[in-house]
Protein chains: 2
Amino acid sequence: MSTPQRDQPTDPVTRSGRPVRDLPRSTRQRRAVVRLLHGCPDFVSARVLYAEAESAGITVGLTTIYRTLHLLESAGHVDVVRDSNGERLYRSRAKEGHSHYVVCRSCGLSLAVESEQVERWAADTATRTGFTEVDHTVELTGVCADCSRPRHGD
Amino acid sequence: MSTPQRDQPTDPVTRSGRPVRDLPRSTRQRRAVVRLLHGCPDFVSARVLYAEAESAGITVGLTTIYRTLHLLESAGHVDVVRDSNGERLYRSRAKEGHSHYVVCRSCGLSLAVESEQVERWAADTATRTGFTEVDHTVELTGVCADCSRPRHGD
DNA sequence: CTCGCTGCAAATGGTTTGCACGATG
DNA sequence: CATCGTGCAAACCATTTGCAGCGAG
């Protein structure tokens with residue numbers, strides 16, 4: 001029989017059977033990754049973050065970056081997209097809401113776009129198809145105004 | 001005069017620089033891949049196709065499947081999505097042009113969904129942001145009605 | 001002091017490429 | 001007959017994992 005808990009249904013436990021109630025430890029590396037991520041205006045890959053850390057004089061292993069990124073992803077603190085190579089790109093979630101971006105194929109510029117319509121559509125589609133827990137990935141790519149503008153003095 | 005274009009190599013050329021104008025040769029393997037793909041109701045990975053070919057008694061190398069899939073992709077004959085692992089999944093494009101799907105995270109069932117709203121939103125967003133040649137990727141994942149059905153006796 | 005965290009290196013696993021042979025047009 | 005297509009194996013490469021030592025709580 002089920003026990004009426006207010007905890008999340010996904011409540012992992014350690015090998016010893018102890019529930020993971022503790023928040024992740026606050027280590028220098030994790031803070032560094034988070035800070036570095038906040039400093040990046042656009043989506044970045046784990047390896048770019050690694051390079052950033054290096055040039056910032058911070059010693060962090062690539063492994064740790066990946067693991068921290070996973071943590072942030074699970075906690076919903078970052079937006080994640082995949083580039084055309086299937087690489088994961090992360091961006092610290094600026095605002096509270098879930099947002100989408102239009103990315104320039106030429107210069108990489110990314111702009112957050114209003115997506116209420118899509119959110120509604122996704123929710124609506126869920127209902128219509130009988131699906132639950134519907135999550136969506138929306139990626140817009142194009143050529144930004146600046147890059148599509150013909151250049152004369154170049 | 002030189003055309004100051006910055007567009008990406010959307011126009012495939014052979015190593016020799018010759019534009020790909022010739023139709024690809026019609027080989028037994030390619031036909032097999034296409035036929036196999038047509039026979040799959042849902043999205044399949046290259047490796048699944050490979051297995052299908054094998055159990056159909058058709059000898060086709062994985063390499064050839066990948067290459068054929070790329071060909072079909074370039075020609076716009078297939079829809080491509082990425083699963084959560086970044087794997088590419090292909091589906092022969094039905095007659096109704098560009099469509100989107102909602103995929104069940106539990107059983108893999110994929111359903112084409114109406115996406116006019118999204119199409120309009122994408123086009124609208126392009127205008128609003130000044131982006132041109134906007135392309136979009138929309139992936140809906142969830143749990144289908146069948147899989148989310150409550151199980152009794154717990 | 002204990003258990004989580006870290007990082008190196010090695011493993012994974014999907015996808016791509018080099019190369020020599022075979023099939024197509 | 002000249003190319004393009006094919007397939008094997010090795011290369012690639014982003015990401016994950018094993019393992020032993022270190023640090024946070």
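Reminder, nothing fancy here: chain letters follow the sequence lines and each chain counts from 1. These values consider heavy atoms only, across backbone and side chains, with no hydrogens, waters or symmetry-generated copies.
- Checked by distance alone, B/R25 brings a side-chain donor or acceptor within 3.5 Å of a matching partner on the base of D/dC4.
- Rounded to whole angstrom, the span from the CD atom of B/E54 across to the C1' atom of D/dC8 amounts to 15 Å.
- Between the B/S55 side chain and the B/A51 main chain, a donor and an acceptor come within less than 3.5 Å of each other.
- Taking only side-chain nitrogens and oxygens, B/R88 comes nearer than 4.0 Å to OP1 or OP2 of C/dT16.
- Which of D/dT6, C/dG14, C/dC5 sits closest to the side chain of B/E87 comes down to C/dG14.
- How far CZ of B/R88 is from NE2 of B/H70: 5.0 Å, rounded to the nearest 0.5 Å.
- Taking the side chain of B/P24 as heavy atoms from C-beta on, and the options D/dT6, D/dT17, D/dG5, the nearest nucleotide is D/dG5.
- Between the side chain of A/R67 and the base of C/dG7, a donor-acceptor pair under 3.5 Å is found.
- OP1 or OP2 of D/dT16 has not a single side-chain nitrogen or oxygen of A/Y66 nearer than 4.0 Å.
- Rounded to whole angstrom, the span from the CD1 atom of B/I65 across to the P atom of C/dT15 amounts to 11 Å.
- Two residues, A/T63 and A/L71, neighbour DNA chain C, and the one matched to the more 5' nucleotide by heavy-atom proximity is A/L71.
- Looking at which nucleotide of DNA chain C each of B/Y90 and B/R28 is closest to, the 5′-most match is held by B/Y90.
- Distance, B/L89 CG to C/dG14 C1': 11 Å, rounded to whole Å.
- Rounding to whole angstrom units, CZ of residue B/R31 and C1' of D/dG5 are separated by 14 Å.
- Remark: C1' of C/dT15 and CZ of B/R82 are 10 Å apart, rounded to the nearest angstrom.
- There is no path of hydrophobic side-chain contacts, each under 4.5 Å, that joins A/V44 to A/V81.
- Among the protein residues, A/T59 comes within range of the sugar-phosphate backbone only, with heavy atoms under 4.0 Å from sugar or phosphate atoms but none that close to a base.
- Using the six-membered ring where Trp is involved, B/H100 and A/W121 have ring planes that are perpendicular, over 60° apart on the 30 and 60° scheme.
- Residue A/H70 places none of its side-chain N or O atoms closer than 4.0 Å to OP1 or OP2 of D/dT15.
- Residue-level contact check: A/T27 touches the backbone only, with heavy atoms under 4.0 Å from sugar-phosphate atoms and none from bases.
- By the rule that hydrophobic residues join a cluster once side-chain heavy atoms approach within less than 4.5 Å of another member, B/L111 and B/V143 end up as members of separate clusters.
- Summarising the geometry, the separation between CD1 on B/I58 and P on D/dT6 is reported as 13 Å, rounded to the nearest angstrom.
- When heavy atoms are screened at a 4.0 angstrom cut-off, B/R47 is found touching base atoms of the nucleic acid.
- No donor-acceptor pair under 3.5 Å is formed between the side chain of B/N85 and the backbone N or O of B/E87.
- Nearest to the side chain of B/Q29, among C/dT15, D/dT6, D/dT15, sits D/dT6.
- Protein atom CG of A/L49 is 13 Å distant from nucleotide atom P of C/dG7, rounded to whole Å.
- Between B/L62 atom CG and D/dC8 atom P the separation is 10 Å, expressed in whole Å.
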